[in-house]
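Below is one structure; the comments refer to it alone.
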Amino acid sequence: MLLQIAEPGQSIEPEVVQRLAVGIDLGTTHSLVATLRDGLPQVITDEKKRALLPSIVNYSADRTPTVGWDAKALQSEDAENTIASVKRFMGRTLTDVSYAQNTPYRFVPHEGMIQIETSAGTVNPVQVSADILKVLHDRATQYLGGELVGAVITVPAYFDDAQRQATKDAAQIAGINVLRLLNEPTAAAVAYGLDQGAEGVYAVYDLGGGTFDISILRLSRGVFEVLATNGDPALGGDDFDRAIYHWALEQLGLTSPTANDSNLLLSQAREAKERLSIYPSANIQIQRSNGSLVVLPISQQTFNTLVTDLVNRTLTPVRKALRDASLNLSQIDGVVMVGGATRMPCIRQAVAQFFGQEPLTNLDPDKVVALGAAIQANVLAGNRTKDDWLLLDVIPLSLGIETMGGLMEKLIPRNSTIPIAKAQDFTTFKDGQTAMIIHVLQGERELISDCRSLARFELNGIPPMAAGAARIRVTFQVDADGLVSVSANELISGVEAKIEVKPSYGLNDDDITRMLQESFANAQADIEARRLEEHRVDAKRLLEATEAALSEDSHLLMPEELAVITKAVEMLREAILGSDWQLIKQVSEKLNHASTDFAGRRMDLSIKSALTGQTLDTLAM
Amino acid sequence: MNIPLKKNPDYFEIFAIAPKFHIDMGSLNTNFRDFQRQVHPDKTAHLGDAERRLSMQWATLANEAYQTLKKPLDRASYLLRINGIETHSEGHVDGLSEEFLMEQMEWREALQETIENADIKELDKLERRIKTKLTGHLDKLGNLLDSEQSYTAAANLVKQTRFLDRLLSEINNAYELLEN
């Protein structure tokens, strides 16, 4: 009953100190932040009680960026500098995004991630997203009255590594500790499943402003297990607006509208779409910049015809996901609708017809993702909850490497449960070869040109040997955020081969540091103050965790081991009183190092308790 | 950097089930979930670095183990490995009968034909035939591994079955191709 409103005085848990954490839905058209209050998830509203923040940022010279409703108001008069739907550009180059041609922005010709020229200088999608996140972060800290331990930020399930990494980078620039990147349909399933006590196999159909996801999950005794996910990272409600927009241009005989007319028409198209979800017809009405007033009526029937292809495009990923999950339609117990675009009757009808059952629409499709993220954030922050549930998510796209002839060899197939790792051995093909390049790709197609290039790794320091003698083991690890990392070592000599990462179009650490500095207007004092605050928060978390571990399991330690840890705890406690962040960092590392064995023993103990009395004793852990 | 786990337990040990081809899927599922409830990174997100790293390593191992044991062919291959026999994941033709290879070629041609003709019905038929064949192979594998302990014969059969498995995934791709 998590989403119901608690009766006054009927708080679910006794008020222990809650670690403050939020869930953020960083959406294409709008974003939200939610948190848990008395055990119930709720969206945090702005000072005008508005839950949604339009994901729009205006960049004007000599002032801080304008975000949200105020930026939306500037959209038609200052189209070039008002950036909307930036999520579509995350982790993308200009050539990736055909949609970019239809926008009024001044793109900087550039090979890496998209850059846009504005009156306030050049910005990239990560910075724009960071500016949106900052507003939500401030909203949350004001409401909650304290610093956050961190946030769960949602991403489309079908986002690839570059898009996920870009999202995480944006959070870092906004000064947010990311507890987890959570897939949007999974977040919705958590909110829905815990609210309704659902059991069985559910399909989550999530059509947002700019992305489409389908996830199929099995909900069983508190475990949310994603069986398969699929989607289209460039299909969403925006495209339905554009369908109306293009139709209207044609109807009105407008061939080259001004940027402002175009923006106005687009926002009218969106409003018409929204009205058509309720009424049989709507009017598109714009005052053109030449003064003339244009009124164009559109019926639901016309609209449905315009968007037939778009609606059908969502069903292809649905079929693929079902096949990957080895399920047929009769095995789906329920279909959950998520995302504002699922309000359109044509979508609801198509989904009902496809699945042969009415989809579930009882939770607000705009809010359900943020609510689910808030529930997960509360757990990850280490707050006690009454339910002991577990999320098992998957990697949406296969991960592989380039092999001879420009082909992709899959190492980790799509829909593998994460975290997952895969090791692959390589050898040299020339005598005395000391380096090799490994090209990491993500996608389903055979040709590397049809897949997304994630990174090129150059392995250096291979000891010179005869061709074919070296054995280089490269390990690919996908973590619980769905992010990929790679490590390598040479097995014969035991040499750890050095890896140089060349992100194909991500941002490197230098870029991020630079943006961090820019975002604080080069104020060195601010940066120092923030570093100190960050390290203090981390150190406090570490202290709490260590103390809790000691009080539970100190019997696992020899007296001298306990002494080392206790000493490090004392030193850290002292360090956080001072203002030297480097010292805090150093002592934290010391404590981490001192408690590594302890952590291992505790983990072994909990693994044993998972399967009490079974043959695990033979593991002699 | 990874923290070395004290001992790399074998996949059957992790889920406390006997190392056999025939396993109780219910126990595997339950024990996998109980195990993940303890080690999953979501459970340690608020803890120190060491805990978080260990948790990711254990959860990774558990996922890998579960995926391997869940699929009969991978389970067979893994059983052979812990008994000292490596079977490669990719098709190696050595040691396979000419008759078997001929049949493979015929099926591949049949698949190619259904793709060219965009014939979903024929594709269904082909899939059913190969699935039946696969079930037969798996039954035989169960006998070879659990009752007779004839590992060499089992390894040869695993090798053949990989071809069928590969063919089924190509059929899967064909469905996608034809539906688009």
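Just the heavy atoms: all of them, side chains too, but no hydrogens, waters or symmetry mates, feed the values below.
- Considering only heavy atoms from C-beta on, A/Ser416 stays 4.5 Å or farther from B/Gln67 through its side chain.
- Options B/Asp42, B/Thr44, B/Leu47 differ in how many heavy-atom pairs under 4.5 Å they form with chain A, and the most are formed by B/Asp42.
- Residue contact with chain B, scored on non-hydrogen atoms closer than 4.5 Å, is absent for A/Leu543.
- From A/Arg602, atom CZ reaches atom OG of B/Ser55 across 12.0 Å, with rounding to the nearest 0.5 Å.
- Remark: B/Trp58 CH2 to A/Met603 CE distance equals 9.0 Å, nearest 0.5 Å.
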Intermediate values then yes/no, side-chain hydrogen bond (donor to acceptor under 3.5 Å, both in side chains), A/Gln477 and B/Thr60 = CA-CA 9 Å; A/Gln477 171 85 54; B/Thr60 300; 3.0 Å; yes

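- The line from CG of A/Asp479 to CZ of B/Arg52 is 11.5 Å long, rounded to the nearest 0.5 Å.
- Of the two parts of A/Glu544, neither the backbone nor the side chain holds a non-hydrogen atom closer than 4.5 Å to a non-hydrogen atom of chain B.
- Proximity to chain B (any heavy atom under 4.5 Å) is shown, for A/Leu380, by both the backbone and the side chain.
- Both the backbone and the side chain of B/Asn172 come within less than 4.5 Å of a heavy atom of chain A.
- Interface remark: of the candidates A/His593, A/Arg180, A/Arg323, A/Arg541, A/Arg323 forms the most heavy-atom pairs closer than 4.5 Å to chain B.
- Between A/Val223 and B/Arg37 the shortest side-chain heavy-atom distance falls below 4.5 Å.
- Of the listed residues (A/Pro419, A/Ala599, A/Ala545), the greatest number of heavy-atom pairs within a distance under 4.5 Å of chain B belongs to A/Pro419.
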Residues B/Arg53, A/Thr596; criterion side-chain hydrogen bond (donor to acceptor under 3.5 Å, both in side chains); working and verdict = CA-CA 10 Å; B/Arg53 253 177 296 158; A/Thr596 300; 5.5 Å; no

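- A heavy-atom distance below 4.5 Å is not found between the side chains of A/Ser595 and B/Glu51.
- With a 4.5 angstrom heavy-atom cutoff, A/Ala421 touches chain B via backbone and side-chain atoms both.
- Looking at A/Ser485, neither its backbone nor its side chain comes within 4.5 Å of chain B, counting heavy atoms on both sides.
- The distance from the CD atom of B/Glu176 to the CD atom of A/Glu444 is 8.0 Å, given to the nearest 0.5 Å.
- Using a 4.5 Å cut-off on side-chain heavy atoms (C-beta onward), B/Tyr66 and A/Leu392 make no contact.
- If you measure heavy-atom distances from A/Gln376 to chain B, the contacts under 4.5 Å come from the side chain alone.
- Both the backbone and the side chain of B/Gln36 come within less than 4.5 Å of a heavy atom in chain A.
- For the ring pair (Phe, Tyr, Trp, His ring centres under 6.0 Å) test, no residue two or more places apart in sequence or in another chain qualifies with A/Phe598.
- Look at A/Lys422 and B/Glu64 and you find no salt bridge, because none of the NZ, NE, NH1 or NH2 atoms lies under 4.0 Å from a carboxylate O.
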